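The structure appears below as structure tokens.
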Amino acid sequence: MKKLLFVAMMMLLGISAHAQKSVIDTLKARQEVLKITTQLNEAQLDYQKEKAKYADLIKEVDQLNAKANAATADFNTSNASNTVKDASATMKKLKDVKKANKKLAKSQKCLQKYEKKIAKLQNKLDKLNKRIQFINQ
């Protein structure tokens, strides 16, 4: 009788240990989900900030391009000294346009990087949620 009671208690301990391990695994997975969700939210905020910055840069580049186009069309060859001054002013405007276009390209690359990061985190989050649902079943 004592042996039977001992075996029954050991089985209960084994079952409860297995149940606790399952609960602990679920909690760890949920903790991981929260961590990744936090990273995802931060990445989305950074993406939105960069997107706003990108929109401002587009406006700036458009304005600079319009000014540069107007400056390149206004050359007058009747006075050489004025033509040199106009040419140097036009070169300065073109350099500014080039610099602004580089900033715009850099911002666009940054947006693409954030999009990839967000997609990667979302994929990781989906996999963890599937794992949690599988553990709970």
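In this text, all values refer to a predicted model and were calculated from it rather than measured experimentally.
Taking CD of Glu32 as the start and NZ of Lys35 as the end, the distance is 5.5 Å to the nearest 0.5 Å. Note that the NZ atom of Lys106 and the CG atom of Leu57 stand 11.0 Å from one another [nearest 0.5 Å]. In this structure, CG on Asn65 lies 11.5 Å from CD1 on Ile58, to the nearest 0.5 angstrom. Atom-to-atom distance recorded for Lys109:NZ and Tyr114:OH is 15.5 Å, nearest 0.5 angstrom. To the nearest 0.5 Å, atoms CD (Glu60) and CG (Asp96) are separated by 9.0 Å. Here CZ of Arg30 is found 12.5 Å from CG of Leu128. Values are rounded to the nearest 0.5 Å.
Shown here for Lys93 and Lys67, the closest heavy-atom pair between the two residues is CD-O, 4.4 Å. Taking both residues in full, the closest heavy atoms of Leu111 and Lys51 are given as CD2-N, 3.6 Å, listed atom of the first, atom of the second, then distance.
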(request) Please assess Lys53 against Glu50 for the test side-chain contact (heavy atoms from CB on, under 4.5 Å), listing each intermediate value before the final yes or no. (result) CA-CA 5 Å; Lys53 182 180 168 185; Glu50 189 65 33; 3.9 Å; yes
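The side-chain hydrogen bond (donor to acceptor under 3.5 Å, both in side chains) search around Gln108 returns none, not counting sequence neighbours.
There is no path of hydrophobic side-chain contacts, each under 4.5 Å, that joins Met91 to Val61.
The other members of the hydrophobic cluster of Val97, by chain and number, are Leu64 (side-chain heavy atoms under 4.5 Å, ILVMFWY only).
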Return a table of donor-acceptor pairs under 3.5 angstrom between the side chains of residues 36-48 and protein atoms on other chains or two or more places apart.
{"unit_1": "Thr37", "atom_1": "OG1", "unit_2": "Val33", "atom_2": "O", "d": "2.6"}
{"unit_1": "Thr38", "atom_1": "OG1", "unit_2": "Leu34", "atom_2": "O", "d": "2.9"}
{"unit_1": "Asn41", "atom_1": "ND2", "unit_2": "Thr37", "atom_2": "O", "d": "3.4"}
{"unit_1": "Tyr47", "atom_1": "OH", "unit_2": "Glu115", "atom_2": "OE2", "d": "2.9"}

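A 6.0 Å sphere centred on CD of Gln112 holds more than 12 heavy atoms belonging to other residues, nucleotides or ligands.
Applying the side-chain hydrogen bond (donor to acceptor under 3.5 Å, both in side chains) definition to pairs two or more places apart or across chains, those involving residues 118-127 are Gln122-Asp126.
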